[in-house]
Amino acid sequence: MSQKKILVVDDDPDIRLGLRVRLNANHYDVVCAGDGVAGISEALKHMPDLMILDLGLPDGDGFSVLERMKANEKTASIPVIVYSGQDPVANRDRALKAGAKTFLQKPMEHGKLLAVIRFILDAKDHPPASPFSVEADRQE
Amino acid sequence: MLVRNEALQVLLVEDNASDARLLREMFSKEKHGNFELTHLTRMHDAEIRLSKGGIDVVLLDMGLPDGHGIEILRRARAADPSVVMIVLTGLEDEALAAEAMKEGAQDYLIKGQIENRALPQALRHAMERQRLQAETDLMRENEVQLRDDFLSHVSHELRSPLTSIYSFSSLIADGLAGNTTPQQDDYLQIILRNVDQLRAMIEDLLQVTQARSGKLAVELQSVSVNDAAAYAVDTLRGAAKQKEITLSFLPSVCLPSAFADATRVRQILTILLDNAVKFTPAGGTVTVQAREYEKDGSLVLVEVSDTGSGIKPEDTERIFEHLYQVTDLSRAGRRGLGLGLHIAKDLVTRQGGKIWVTSVSGKGSLFSFTLPIFSLASLICPILAEQKVPGGLIALFVAHIECRDGSVDVPGKALDMTRMVLQQCLRAGTAVLLPKIGPVDEHKIFFVVANTQQRDAEMITERILRQLHSRQEFQSDNFTVSVSHVILPPMSREANDSMATLAERAASEVRDQINATVCLQGAA
């Protein structure tokens, strides 16, 4: 089985390196980008299985990256974990609405971070019976 | 000094004809002041006039035919929050006048002692004071805002370097940068422990900031205090073991659910247990207990007791204050920011409870807090209040799990699974999941959907059933699950019904309907 590829977008090189080593040790391929523009172009180039995205980026915030990822049909299906030091109260809902799978606050215990990554990748490979809503019923 | 050209609009509210005439005469004699006086005799009329705006100063008699005392001030303030209030009292009522000042009156005039010259001055001074006070309030607000923004910014900025310190020390500790010696491992554990302390401090700092700016959200739901306590005890087990402290928790069997925020309840208990472990010497005991409060049947009482050094009587109130720390630091060793108990108090208060401590110096402390008990009515209340469509429907779904062998306890796994399936069927914003609630039956799980039509409710019921039966756990023969729903008819609201009364009625109707449904199913 080929290794899963994870794209890390964070402007802090230390955090990028720390994540790279930890993820490599857990058999993930890692690609990194230091700003939003590079993040989008790396996503298009490598088509990663998952993106870990910081919110405070030098060229505009992570939300604009998230929105552009979701707006482009090539990248829309790549799950995004927002991993940020910013206030979860102000940002969690906004990130989820913009299409992020989850919002994790820095620093996150690595065991938990890896569990979340595994969970999201598993869910992508084996989608559960489609979650239903009354609206979906009406369209049947 | 106030500079304005148009006349000062004064409203006099006074039912005593002679008092009123005296004051009117004073105003008419006043040559320099530019006043326009309106006179009313009833509070009800005054409220109507005030709510239209345009009144600068209101002179209020404290005894009116339709209102009395401090209540009058509150009504005037409610009708026009910016109006300057001056109260008129009798000589024997000075205590009442002092109370009025606390309620926001700018001045008081004692009837029979008002001099012609004093009146316009009193009015102008009162207006000036109100203006200055508003200015000071605004300045203070700005300052607080600045400080909160700063604290919030700082705590976010601290997270990045902290993340890297954590990340690399844990990489080394996990052997991902080559082999380490046992001594290096020990030292790395010290770094990691300190990282965790620092992280907790940043969290506390941010939380206090959020609490002050009103950003801290508390979501009330049905919460098992036993579960929250078990979680907190688990979190502190390591620290207790290190100090050889016995951490004991006996879940109580018939504890009703609390109406609270599960995360916040866990947080309160973690703070109290953390404190208790810190202040209890090696070999001591820390105990958690929860029960229905014997002094008030609508509350759950949670207690954390320790065999620590205790708290001096003069400190029992102050330890809940912001940044307060007991002066004798030697006993506790190194400390946090001193925000823990302050946060705990804030969280308890926000959830409608109280927190206090009793202590015998040298023998230990007993921290107690209360939380309101969950009731169906307390949950329905906000749904009713938020219903924008008049006459909208509320549907309540009941998943009923039973063991085939007739045993009372349904395995936790089956409950978890049902809960998960139900969670998936919820519609965000309109639905709330309630875990096991007592009054009807221990082993049912409920959830409420607001504004759902009969047809939708049937569809959802069928889907929940289908989804549940497709699960491995329910295909075994050990237990059965049935799902039904109850639609609550639109509540007609009598003019003087409070929302609470309405919710109480809705809740009892739901209970009746559920009981009827369960009986019918039993018969079939």
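Residue numbers begin at 1 in each chain, while the letters A, B, ... track the order of the sequences.
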Starting at CG of A:L55, measure out to NE2 of B:H156 and round the result to the nearest 0.5 Å.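 Nearest 0.5 Å value for the CG-NE2 distance: 10.5 Å.
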Nearest-0.5 Å distance that lies between atom CG in A:L19 and atom OG1 in B:T163: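 It comes to 9.0 Å.
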Determine the minimum heavy-atom distance between B:L171 and A:G18, stating which atoms define it. CD1-O, 3.9 Å
State, to 0.1 Å, how close B:S164 and A:I15 come at their nearest heavy-atom pair, and which atoms those are. OG-CG1, 3.4 Å
Measuring heavy-atom distances to chain B, does A:D14 have an atom under 4.5 Å in its side chain, in its backbone, in both, or in neither?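 When you check distances to chain B, atoms from both the backbone and side chain of A:D14 fall under 4.5 Å.
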Given a strict heavy-atom distance threshold of 4.5 Å, which part of B:D196 is in contact with chain A: side chain, backbone, both, or neither? neither
Verify the neighbour count for atom CZ of B:F168: are there more than 12 heavy atoms of other residues, nucleotides or ligands below 6.0 Å?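 Enclosed.
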I'd like to know which of B:S160, B:P161, B:A177 tops the heavy-atom pair count under 4.5 Å against chain A.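 That would be B:S160.
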Closest-packed option against chain A by number of heavy-atom pairs under 4.5 Å, given B:D174, B:V195, B:I165, B:L206: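 Sorted descending by pairs with chain A, the first entry is B:D174.
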Quick one: which residues of residues 98-113 of chain A reach chain B at under 4.5 angstrom, heavy atoms only?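 The stretch touches chain B at A:Q105, A:K106, A:P107, A:M108, A:E109, A:H110.
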